[in-house]
Protein chains: 2
Amino acid sequence: MVENDIFRALADPTRRLIFEKLASGGMNASALGEGIGVSQPAISQHLGVLRDARLVREERRGRFVHYEVDPDGVALIAGWLAKYRAYWPARMDALRGVLKEMDP
Amino acid sequence: MVENDIFRALADPTRRLIFEKLASGGMNASALGEGIGVSQPAISQHLGVLRDARLVREERRGRFVHYEVDPDGVALIAGWLAKYRAYWPARMDALRGVLKEMDP
DNA sequence: AGAAAACATAAGCCGATACTTATGAGTCGC
DNA sequence: GCGACTCATAAGTATCGGCTTATGTTTTCT
């Protein structure tokens with residue numbers, strides 16, 4: 001299931017760290033691994049999980065592989081969350097402000 | 001960490017099933033267990049995880065315990081997701097429509 | 001061609017975790 | 001008080017998941 005892959009992918013703190021680092025700009029796998037205290041294969045495996053969850057997409061660039069956030073995965077979370085909009089408390093109108101600021 | 005508890009709680013499909021069932025209306029633990037194919041202790045343990053993640057809150061009612069969705073947890077997810085609003089694709093303006101419809 | 005670099009895959013280990021059965025702790029009705 | 005009921009906790013087990021080291025694959029550079 002799609003939602004299952006997404007939430008399982010985000011359940012791991014190392015994977016969230018990778019994702020959040022990637023959200024600040026696309027980069028290749030080795031650059032992603034810097035600062036995170038795990039081996040290169042671990043990074044590769046994490047990226048595989050994030051890719052299967054559609055949170056990340058890759059593009060070969062010579063011998064590098066460029067990774068970037070996949071908007072599809074983010075949209076899937078937003079879609080899931082929208083089902084529970086009835087429970088968003090009033091103070092979350094900060095989020096509404098954010099969305100308004102996105103308007104053209 | 002708070003986010004960690006939330007995403008770990010949602011990573012399990014049985015727990016998401018419980019949460020989604022609860023989102024359609026509060027109920028007690030035994031009613032929650034019906035239909036889900038696991039034992040009563042398993043339901044109780046899942047509810048404990050969801051409660052620790054602030055996705056669910058409980059209230060004693062005699063010998064029953066009434067459970068309901070905790071808006072705080074939902075808000076925490078929304079807050080996390082808001083950090084990646086730059087990646088919400090255009091078609092997610094459906095969500096913006098939803099939020100406008102929440103306006104007074 | 002050959003070495004080096006970037007990344008992926010394989011295999012194995014170990015701790016986390018979701019489940020079970022058994023039992024405990026409160027609460028209600030007779 | 002006592003049995004029935006609701007729910008939580010304890011303890012044990014088996015699978016899952018993230019990590020490691022070792023190795024394979026592809027590309028680049030000389």
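In this text, all values refer to a predicted model and were calculated from it rather than measured experimentally. All chains are named by letter (A, B, ...) in the order of the sequence lines, taking the proteins before the strands, and each is independently numbered beginning at 1.
- The list of side-chain hydrogen bond (donor to acceptor under 3.5 Å, both in side chains) pairs with a residue in residues 3-13 of chain B, not counting sequence neighbours, reads A:Arg16-B:Asn4.
- A straight line from CG of A:Asn4 to P of D:dC16 spans 13 Å, rounded to a whole angstrom.
- Both A:Ala42 and A:Arg63 lie close to DNA chain C; mapped to their nearest nucleotides by heavy-atom distance, the more 5′-ward contact belongs to A:Arg63.
- If you take CD of A:Gln40 and C1' of D:dT23, they are 11 Å apart, rounded to a whole angstrom.
- In the hydrophobic cluster analysis, where Ile, Leu, Val, Met, Phe, Trp and Tyr join through side-chain heavy atoms closer than 4.5 angstrom, A:Val69 is grouped apart from A:Val49.
- Atom CD1 in B:Ile43 sits roughly 17 Å away from atom C1' in D:dC5 (whole-Å rounding).
- In this structure, A:Trp80 and A:Phe7 have perpendicular ring planes: the angle between them is above 60°, well past the 30° mark.
- A heavy atom closer than 4.0 Å to some atom of DNA chain D occurs in A:Gln45, A:His46, these being the qualifying members of residues 44-53 of chain A.
- Rounded to the nearest 0.5 angstrom, B:Ile77 CD1 and A:Leu81 CG are separated by 6.0 Å.
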Under the side-chain contact (heavy atoms from CB on, under 4.5 Å) criterion, do A:Leu55 and A:Leu22 qualify, and how do the steps go?
CA-CA 10 Å; A:Leu55 282 165; A:Leu22 212 52; over 6 Å; no

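- Side-chain N/O atoms of A:Arg60 include none lying less than 4.0 angstrom from OP1 or OP2 on D:dT26.
- Judged as a side-chain hydrogen bond (donor to acceptor under 3.5 Å, both in side chains), the pairs with a partner in residues 47-58 of chain B (not counting sequence neighbours) are, in order, B:Arg51-B:Glu58, B:Arg54-B:Asp72, B:Arg57-B:Glu68, B:Glu58-B:Tyr67.
- Pairs engaging residues 26-47 of chain A under the side-chain hydrogen bond (donor to acceptor under 3.5 Å, both in side chains) rule: A:Arg15-A:His46 [sequence neighbours left out].
- Here the closest heavy-atom approach between residue B:Lys21 and residue B:Ser24 is recorded as O-OG, 2.7 Å.
- Between the CZ atom of A:Phe19 and the CG atom of A:Asp70 there is a distance of 9.0 Å, given to the nearest 0.5 Å.
- Between A:Ser39 and D:dC19, a side-chain N or O to OP1/OP2 separation shorter than 4.0 Å is absent.
- Near DNA chain D, defined here as any heavy-atom distance below 4.0 Å, the residues from residues 10-37 of chain A are A:Asp12, A:Thr14, A:Arg15, listed numerically.
- Among the atoms of the strands shown, none is found under 4.0 Å from any heavy atom of A:Arg61.
- Nucleotides of DNA chain C lying under 4.0 Å from heavy atoms of chain B occupy a range whose first and last members, 5' to 3', are C:dT17 to C:dC28.
- Hydrophobic clustering (side-chain heavy atoms under 4.5 Å, transitive across Ile, Leu, Val, Met, Phe, Trp, Tyr) keeps A:Phe64 apart from A:Ile43.
- Summarising the geometry of A:Tyr87 relative to B:Gly25, their closest heavy-atom pair is OH-N, 4.3 Å, with the distance given to 0.1 Å.
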